[in-house]
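What follows is a short report on a single structure.
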Amino acid sequence: DEGMQYAAYLSCIDFGSQVGNWLAVPIITALNVSRDNGWHNLDKFVLICAAGRIASILFLPIIQPMKRGHHINSQIE
């Protein structure tokens with residue numbers, strides 16, 4: 001049971017990483033961040049990324065801890 005929970009946890013982390021990468025590319029393109037222009041607007045990109053990390057706090061209420069002694073399988077019975 002704990003193994004499956006850990007696997008789901010790792011899958012969520014991996015999925016979040018992939019989504020972050022897919023979102024970063026258009027933002028970098030829109031800000032025209034590149035080595036050729038001396039990393040112009042990189043500071044704005046860092047601020048956008050930091051704001052996104054802070055915004056994830058809004059999703060914490062979705063996570064509800066399980067009560068002690070209460071298992072998922074006990075709901076089936």
Side-chain angles (χ1 to χ4, degrees):
D1 191 40
E2 284 95 17
M4 287 300 293
Q5 290 175 353
Y6 186 66
Y9 172 71
L10 290 179
S11 295
C12 289
I13 289 174
D14 187 47
F15 178 73
S17 176
Q18 292 297 319
V19 170
N21 291 336
W22 280 97
L23 291 176
V25 172
I27 294 171
I28 289 172
T29 303
L31 292 174
N32 195 25
V33 177
S34 73
R35 187 180 346 166
D36 298 335
N37 64 6
W39 303 109
H40 183 69
N41 290 330
L42 182 62
D43 55 339
K44 292 177 184 174
F45 178 69
V46 170
L47 290 174
I48 291 169
C49 290
R53 294 259 182 185
I54 292 171
S56 65
I57 293 172
L58 298 173
F59 295 103
L60 284 177
I62 294 173
I63 303 171
Q64 296 182 7
M66 291 179 59
K67 297 176 183 170
R68 289 187 172 240
H70 183 73
H71 298 287
I72 295 172
N73 294 336
S74 66
Q75 294 176 353
I76 297 172
E77 297 174 9

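The structure presented is a predicted model; accordingly, all values stated were derived computationally and were not measured.
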(request) Spell out, yes or no, whether L23 and F15 are grouped together once hydrophobic residues are joined by side-chain heavy atoms under 4.5 Å, including indirect joins. (result) yes

(message) Minimum heavy-atom separation for F45 and I27, please, with both atom names.
(response) CD1-CG2, 3.7 Å

(message) What's the separation between atom CG in L47 and atom CD1 in I54, rounded to the nearest 0.5 Å?
(response) 9.5 Å

(message) I need the C49 SG to I28 CD1 distance, nearest 0.5 Å.
(response) 7.5 Å

(request) Please round to the nearest 0.5 Å and tell me the distance separating atom CH2 of W39 and atom CG of N37. (result) 9.0 Å

(request) Measure the CG-CG distance between L42 and N32 for me, rounded to the nearest 0.5 Å. (result) 12.0 Å

(message) List the residues meeting side-chain hydrogen bond (donor to acceptor under 3.5 Å, both in side chains) with D14, not counting sequence neighbours, and say none if there are none.
(response) none

(request) Quick one: name the residues clustered hydrophobically with I13, using the 4.5 Å side-chain heavy-atom rule over I, L, V, M, F, W, Y, and just say none if it's on its own. (result) Y6, Y9, L10

